[in-house]
Amino acid sequence: EKISSEPKELLFYPKVVGVWNELPEEVDEAATNPVLNKYLDRYFHFFNTGLQNQSVMYVQKSLDDDPRVFLDPNKFSEDGTVALRGYAFSEDGEYFAYGLSTSGSDWVTMKFLKVDGATELPDTLERVKFSCMAWTHDAKGMFYNCYLKQDGKIDGTETSMNLHQKLYYHKLGFPQSEDILCAEFPDNPKWMGGTEISDDGQYALLSIQHGCDPVNRLWYCDLKKLPDGIKGVLPWVKLVDNFDAE
């Protein structure tokens, strides 16, 4: 009767600790060691000491090398309000695109690094929101989404609806003002379309959503059939042109 009158938390805690202490050493190591991801000839992982606001991204040339800091989001701002919001390596592993979000806002500023030496590039993309990050396999550029300039705030505190999202292609080394418009939906201002590149690099796949329903349209473009490369709105083939399924 005395045990049954104890708070449930006190009865549950020793059971959890007991189970954890009985775990094999391999399981314990898997729970505390970082997961390595390989891009080209380098290994990357995130690690947090437990006292940091954000996990730090490390790189190493081989599994036997000591990891070194590649990107430390804790240094984005003195007060810790700027966070890492998505990232993408180019197919050849030579370039790295990443997003910055301030105070939890959905608005993102994209930056770029040359992976060798973690060298910052001058490219900066503004007004990015609910965006894809899809490199073409030649590593010359990346598809992303943004909204054109509009009146009012864009710090995450605005209450107005964002309309007319557009898909652009950013060519590395060029200013955002020269980015190429690849898809827009003027007759459907609430549509949002994110792009992926097929594993063989031949196709751009455009998934179009409307609201939060788990349905999408699916268009595609054969990039190899563009003799002059990406120069404007892509000739999308509307494979699935309705919102009947996901």
Side-chain angles (χ1 to χ4, degrees), residues 9 12-135 139 142 144-146 153-158 170 172 176 194:
E9 292 81 0
F12 179 71
Y13 178 74
K15 292 181 181 179
V16 173
V17 174
V19 171
W20 183 264
N21 290 336
E22 293 176 6
L23 289 176
E25 183 178 345
E26 293 81 1
V27 176
D28 185 45
E29 289 182 359
T32 55
N33 289 343
V35 176
L36 298 178
N37 294 292
K38 187 176 183 181
Y39 296 95
L40 198 61
D41 60 346
R42 302 176 178 89
Y43 293 89
F44 294 84
H45 71 268
F46 284 94
F47 182 75
N48 193 308
T49 63
L51 300 175
Q52 295 169 295
N53 290 326
Q54 301 182 63
S55 296
V56 179
M57 192 175 193
Y58 290 86
V59 62
Q60 53 198 90
K61 290 287 285 185
S62 73
L63 295 176
D64 297 323
D65 285 348
D66 291 330
R68 54 184 176 82
V69 174
F70 176 72
L71 184 69
D72 186 355
N74 299 290
K75 295 183 178 180
F76 290 161
S77 61
E78 292 184 1
D79 59 3
T81 58
V82 179
L84 178 65
R85 189 71 171 270
Y87 63 89
F89 287 89
S90 60
E91 183 68 16
D92 59 7
E94 292 300 320
Y95 297 102
F96 177 81
Y98 64 100
L100 302 177
S101 170
T102 301
S103 301
S105 172
D106 288 325
W107 290 103
V108 171
T109 297
M110 285 189 181
K111 298 281 191 177
F112 295 81
L113 296 177
K114 185 172 177 58
V115 173
D116 188 15
T119 306
E120 185 173 347
L121 301 176
D123 302 59
T124 300
L125 306 180
E126 303 284 359
R127 303 195 61 79
V128 178
K129 193 173 187 180
F130 308 135
S131 179
C132 62
M133 301 174 73
W135 288 88
M142 185 187 75
Y144 74 99
N145 300 94
C146 75
K153 298 179 180 179
I154 56 167
D155 59 2
T157 63
E158 68 275 8
H170 173 69
L172 205 60
Q176 186 177 12

Residue pairs passing the side-chain hydrogen bond (donor to acceptor under 3.5 Å, both in side chains) test where at least one lies in residues 111-120, sequence neighbours excluded
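Sorted result for residues 111-120: K111-T124.
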Walk me through it: do L113 and Y98 pass the test side chain to side chain contact (heavy atoms under 4.5 Å, CB included)?
CA-CA 8 Å; L113 296 177; Y98 64 100; 3.7 Å; yes
Checking the side chain of S131 only, and the main-chain atoms of Y144 only, is there a donor and an acceptor separated by less than 3.5 Å?
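Flag not set: sc S131 to bb Y144 has no pair under 3.5 Å.
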Q54 side chain to L84 backbone, donor-acceptor under 3.5 Å
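Side chain of Q54 to backbone of L84, a donor-acceptor pair under 3.5 Å: yes, one is there.
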Any side-chain heavy-atom pair from [X] and [Y] closer than 4.5 angstrom?
| X | Y | answer |
| --- | --- | --- |
| M142 | L172 | no |
| N37 | F46 | no |
| V59 | F44 | yes |
| F112 | L125 | yes |

What distance do [X] atom [atom1] and [Y] atom [atom2] have between them, rounded to the nearest 0.5 Å?
| X | Y | atom1 | atom2 | value |
| --- | --- | --- | --- | --- |
| F130 | N145 | CZ | CG | 10.5 Å |
| M110 | H170 | CE | NE2 | 10.5 Å |
| M133 | S90 | CE | OG | 11.5 Å |

Give me the atom names and distance for the closest heavy-atom approach of [X] to [Y].
| X | Y | answer |
| --- | --- | --- |
| T102 | V82 | OG1-CG2, 3.8 Å |
| E126 | C146 | O-CB, 4.1 Å |
| N48 | G50 | OD1-N, 2.7 Å |

Stepwise side chain to side chain contact (heavy atoms under 4.5 Å, CB included) test for E94 and V115
CA-CA 5 Å; E94 292 300 320; V115 173; 5.6 Å; no
Could you label the plane-to-plane angle of the W135 and Y95 rings as parallel, tilted or perpendicular, counting under 30° as parallel and over 60° as perpendicular?
parallel
How are the rings of F96 and F70 set to each other: parallel, tilted or perpendicular (split at 30° and 60°)?
perpendicular
Does anything in residues 52-76 form a salt bridge (Lys or Arg N to Asp or Glu O under 4.0 Å)? List the pairs, not counting sequence neighbours.
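Counting only pairs at least two positions apart or across chains, the salt bridge (Lys or Arg N to Asp or Glu O under 4.0 Å) contacts touching residues 52-76 are D41-K61.
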